[in-house]
Amino acid sequence: MTGHQEGARDVLVGIDPAREWHLSLAWAADEAHRRGLPLRLVLAVPPQHDTQHVDDTPGQTALRQAGAERLQQAADWVRARHPELSVAGELLGGFPTPVIGRMARQARMVVLGSRHLGRVAEVFSAGSLVLPVTAQAACPVVVVGDAEHATRQPPYVVAGVDGSAPSQAALAFAFDEADLRGAALRAVHVWQPPLILGYDEEAVRQAQRTMLSEATAGLSQKYPDVHVTHEVATGHPVEELARAAEHALAVVVGRRGRGGYTGMRLGSVVHGLLHRAHCPVITVPTG
């Protein structure tokens, strides 16, 4: 747990009072424990009416009370799992997306649960945090839709690599994550063959393998205990990365800065993996 803190920022996890929270909270608590970071639980209670003023109606008071109870349950559950972990809970008024987005500015990473909604439902659901927070946050965002798949030995983490700055940031995070867990790392580049004919396929593949070697070289020296493999797959990036991550602890991909509120500006690969992958999906912003 030492050597990975890089500052005193915390792991932030959003608690939904109306949904199952154990999977995402377990992931966040375990990650905070691995990294030696404090864990912050945040539960937002939206106003019952479209108003900027404090809502003191009986219904709102009941919502705050229920939220406080759920937050306490979650904190107690974490302390039972990791008694030595520093845990703080915050019950805040406001809509969840802007509340979590604002608190993410001081977080080391944000962890959210997902219901695996369809794409349209995920974008337009009033309770959805995943797309807007993933689009906006300036720190890594982890979306936990299913339990970790740790049955494959040795355990491994997948990183999507395309040679871009976002994928390099993702690769650095993936190395660190694999090192923390004593896991292997699969650096995967997915090639979509062009429709035109006449290209030298073997030359293209050799160039892609060279790109993977160059992308991982410095990080392999920094993390000598992480066994890394280079893989060039052919097909659609979402499907191939999801297939590679079928038994992974997590799949890590980069994203280009902050998107719009709805998350519509998320890259197609990130967007697709949030709905297709069944292991935790970690998106890492550039910088």
Side-chain angles (χ1 to χ4, degrees), residues 119 134-135 140-143 148-149 152-259 265-287:
R119 293 183 183 223
T134 300
V141 176
V142 186
V143 178
E148 288 184 346
H149 302 282
R152 183 67 59 90
Q153 295 298 325
Y156 67 95
V157 173
V158 169
V161 184
D162 63 9
S164 66
S167 81
Q168 195 64 32
L171 189 58
F173 188 97
F175 261 97
D176 196 48
E177 192 70 18
D179 188 54
L180 280 166
R181 294 165 171 265
L185 175 64
R186 294 172 62 180
V188 180
H189 174 72
V190 183
W191 178 48
Q192 292 181 285
L195 296 177
I196 61 172
L197 300 176
Y199 60 89
D200 186 336
E201 180 176 346
E202 182 53 38
V204 171
R205 288 186 173 276
Q206 183 56 48
Q208 293 164 346
R209 287 191 287 267
T210 299
M211 180 271 292
L212 284 173
S213 295
E214 292 175 348
T216 58
L219 290 165
S220 290
Q221 292 180 351
K222 182 178 179 181
Y223 298 99
D225 294 332
V226 175
H227 175 69
V228 59
T229 58
H230 302 150
E231 303 174 29
V232 176
T234 302
H236 192 281
V238 172
E239 294 303 319
E240 294 304 318
L241 285 173
R243 183 177 293 111
E246 184 177 359
H247 300 285
L249 295 173
V251 56
V252 188
V253 289
R255 52 185 160 88
R256 289 175 171 83
R258 303 181 186 185
R265 291 171 58 189
L266 281 182
S268 60
V269 172
V270 174
H271 197 162
L273 280 175
L274 289 172
H275 299 278
R276 173 69 174 80
H278 290 285
C279 66
V281 177
I282 305 175
T283 62
V284 182
T286 307

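Keep in mind the model is a prediction, meaning the values are calculated, not measured.
A pairwise comparison of heavy atoms in Leu273 and Val238 identifies CD2-O, 3.8 Å as the closest pair. The minimum heavy-atom distance linking Pro280 with Val142 is given by the pair CB-CG1, 4.3 Å. Here the closest non-hydrogen pair linking Ala169 and Val284 is O-CG1, 3.8 Å. Residues Ala159 and Ala174 come closest through the heavy atom pair CB-CB, 3.7 Å. Taking both residues in full, the closest heavy atoms of Ala170 and Gly254 are given as CB-N, 3.4 Å, listed atom of the first, atom of the second, then distance. When every heavy atom of Thr286 is checked against every heavy atom of Ala165, the shortest pair comes out as CG2-CB, 4.0 Å.
Note that CD of Glu214 is 10.5 Å distant from CD of Gln168, once rounded to the nearest 0.5 Å. The distance from atom OG1 of Thr283 to atom CZ of Arg255, rounded to the nearest 0.5 Å, is 3.5 Å. Once rounded to the nearest 0.5 Å, the distance linking NE2 of His247 with CG of Leu249 reads 12.0 Å. In this structure, Asp225 CG and Ser220 OG are separated by 11.5 Å, a value rounded to the nearest 0.5 Å. Note that the CZ atom of Arg181 and the CG atom of Asp176 stand 11.0 Å from one another [nearest 0.5 Å]. Atoms CD and CZ, from Glu231 and Arg209 in turn, are 12.5 Å apart once rounded to the nearest 0.5 Å.
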Task: side chain to side chain contact (heavy atoms under 4.5 Å, CB included) between Gln192 and His236, intermediate numbers included - done: CA-CA 6 Å; Gln192 292 181 285; His236 192 281; 4.1 Å; yes
TODO: Using the side chain to side chain contact (heavy atoms under 4.5 Å, CB included) rule, take Glu239 and Val190 through it: C-alpha gap first, then chi angles, then the decisive distance, then the call.
DONE: CA-CA 10 Å; Glu239 294 303 319; Val190 183; over 6 Å; no
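Checked by atom type, the side-chain pair Arg205/Gln208 shows no donor-acceptor distance below 3.5 Å.
Contact annotation: the side chain of Phe175 approaches that of Val228 to within less than 4.5 Å [non-hydrogen atoms, C-beta and beyond]. Side chains of Val161 and His230 form no contact here, defined as non-hydrogen atoms less than 4.5 Å apart.
With respect to Leu185, the side-chain contact (heavy atoms from CB on, under 4.5 Å) criterion is satisfied by exactly one of Leu219, Leu171, Thr216: Leu171.
Atom CD of Gln221 has 12 or fewer neighbouring heavy atoms from other residues, nucleotides or ligands inside a 6.0 Å radius.
Electrostatic pairing of Glu240 and Arg243 counts as a salt bridge here, judged by a charged N lying under 4.0 Å from a carboxylate O.
Remark: the backbone N or O of Val232 is not paired with any side-chain donor or acceptor of His189 at under 3.5 angstrom.
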